[in-house]
2 protein chains.
Amino acid sequence: MALEHAILVSLDERSGSGYELAQRFEKSIGFFWAATHQQIYRTLKRMVDLGWVSCHEVTQDGRPDKKVYEVTGGGRAELTRWLSSPGEPETVRNDLAVKVRGASLGDAGAVIAELARHRDLHAERLDVYLAFEKKDFPDPSALSGRRLHQYLILRGGIRAEQGLVEWCDEALAAMREDQRR
Amino acid sequence: MALEHAILVSLDERSGSGYELAQRFEKSIGFFWAATHQQIYRTLKRMVDLGWVSCHEVTQDGRPDKKVYEVTGGGRAELTRWLSSPGEPETVRNDLAVKVRGASLGDAGAVIAELARHRDLHAERLDVYLAFEKKDFPDPSALSGRRLHQYLILRGGIRAEQGLVEWCDEALAAMREDQRR
DNA sequence: GGGTGCAGTGCAACTAGTTGCATAGGTCAC
DNA sequence: GTGACCTATGCAACTAGTTGCACTGCACCC
């Protein structure tokens with residue numbers, strides 16, 4: 001499982017509370033790992049037990065108190081161990097593909113509409129990523145270390161969304177053509 | 001959840017036992033939905049309770065008896081309903097991306113090796129898919145209905161693997177270049 | 001006759017992830 | 001002053017998926 005490790009990477013960049021982490025997961029880290037606040041709070045608790053992160057409460061005024069977590073030596077050791085251990089590619093799960101495959105057993109028009117909806121969702125996400133790229137990484141060839149790695153992740157997100165938009169377009173064209181015949 | 005629906009699509013094409021389904025999931029359906037035999041047996045049982053599939057035992061000689069499942073009217077109704085209902089794109093989960101993002105906190109060389117390993121895995125899968133394409137769909141423009149949908153799914157798999165291979169190559173080149181400096 | 005391997009089904013225990021709800025302090029607008 | 005919204009944490013119950021094991025029957029090879 002990589003949620004722990006995604007949290008370690010994120011906390012290593014900057015210590016923070018569960019709430020802050022949840023927001024980071026909604027944004028940058030969410031390109032390649034999704035997590036709800038529930039999952040994060042529970043996992044943080046487990047990670048404290050494992051000695052991978054430490055926690056101290058911070059009293060705030062004007063807003064509720066929070067618990068700030070930071071990575072310990074044990075956490076860094078675990079991260080190093082994990083980075084060097086092999087893993088398998090995630091198993092694919094694609095609702096939309098199941099729908100396309102089943103289109104001839106139901107309402108093909110509805111599946112086409114669903115494809116078009118997903119096409120637009122992916123195009124929207126792609127635009128967001130491309131805007132990040134333009135703004136945050138204007139000169140990719142100059143990057144190194146952590147900044148390079150952040151850039152590469154973004155590139156992965158861009159490629160994935162591009163591929164999905166193109167696939168939706170291909171499928172839409174073929175299925176619409178098939179319907180006309 | 002789409003495992004039920006993936007099973008319905010598969011059983012609608014051809015009735016079969018849990019064992020057979022598990023094999024189909026290892027092959028064709030596995031392009032876009034992974035499932036173990038355990039999951040399949042459990043889900044089939046639930047689907048019988050829901051009235052989506054019916055089950056009858058088949059005595060075999062030379063091998064153990066089996067239970068053959070087939071889709072009922074209720075199952076087809078459920079499938080139609082689901083095909084017309086909107087769904088969200090799956091949340092992404094990518095171990096390898098987490099590793100790349102964390103590469104500067106551990107052994108960057110190990111992450112590079114892991115990238116190279118995954119690159120080869122994806123290239124291998126891509127070859128398998130391309131061979132299917134060549135063999136099973138020599139003339140895509142002539143396809144319609146179910147055959148077209150099967151082809152489009154395969155195209156999705158091909159695009160996804162191609163994108164991953166290219167991304168691995170991009171990341172490998174950049175990280176190796178960064179190491180040399 | 002003993003090992004390997006395929007076909008076939010399943011339980012039990014576990015880990016991971018989702019959903020709904022609760023609570024509590026504070027700001028800001030109408 | 002009250003309703004909407006943001007920060008902040010968490011429990012409980014559920015659904016989904018994984019892992020390890022167990023059993024049966026038969027075939028085929030050495």
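Throughout, a chain's letter reflects where its sequence line sits, starting with A, and its residues are numbered from 1.
Of all nucleotides listed (C:dG10, D:dT9, D:dT18), D:dT18 comes nearest to the side chain of B:Gln39. Counting only heavy atoms from C-beta on, B:Gln38 has its side chain closest to D:dT19 among D:dA12, C:dT9, D:dT19. Comparing atom distances between the B:Arg93 side chain and each of C:dG8, D:dA8, C:dG17 picks out C:dG17 as nearest. Out of C:dC6, D:dG17, D:dG10, the shortest distance to the side chain of B:Trp33 is found at D:dG17. Ranking C:dT9, D:dC6, D:dG10 by closeness to the A:Lys45 side chain, first place goes to D:dG10. Distances from the side chain of B:Pro64 to the nucleotides C:dG8, C:dG17, D:dA12 place C:dG8 closest. Of the candidate nucleotides D:dT9, C:dG17, C:dG8, C:dG8 has the atom nearest to the side chain of B:Arg63.
A salt bridge links B:Glu161 with B:Arg125: the distance from a Lys NZ or Arg NE/NH1/NH2 to an Asp or Glu carboxylate oxygen falls below 4.0 Å.
For D:dA16, one of the phosphate oxygens OP1 or OP2 lies less than 4.0 angstrom from a side-chain nitrogen or oxygen of B:Arg46. The side chain of A:Tyr41 contributes no N or O atom lying less than 4.0 Å from OP1 or OP2 of D:dG10. Within the 4.0 Å cut-off from OP1 or OP2 of D:dT9, at least one side-chain nitrogen or oxygen of A:Ser17 is found.
For C:dG8, the base has no donor-acceptor partner in the side chain of B:His37 [N/O atoms by modelled type, under 3.5 angstrom].
Under the 3.5 Å distance criterion, with hydrogens and angles disregarded, a donor-acceptor pair is assigned to the side chains of A:Ser10 and A:Arg24. Looking at A:Glu78 and A:His5, their side chains do bring a donor and an acceptor atom within 3.5 Å of each other.
Separating the NZ atom of A:Lys66 from the P atom of D:dC6 is a distance of 18 Å, rounded to the nearest angstrom. The nearest whole Å value for the distance from the CZ atom in A:Arg42 to the C1' atom in C:dG17 is 7 Å.
Of the candidates B:Arg119, B:His118, B:Arg117, B:Arg101, B:Leu96 forms a side chain to side chain contact (heavy atoms under 4.5 Å, CB included) with just one, namely B:His118.
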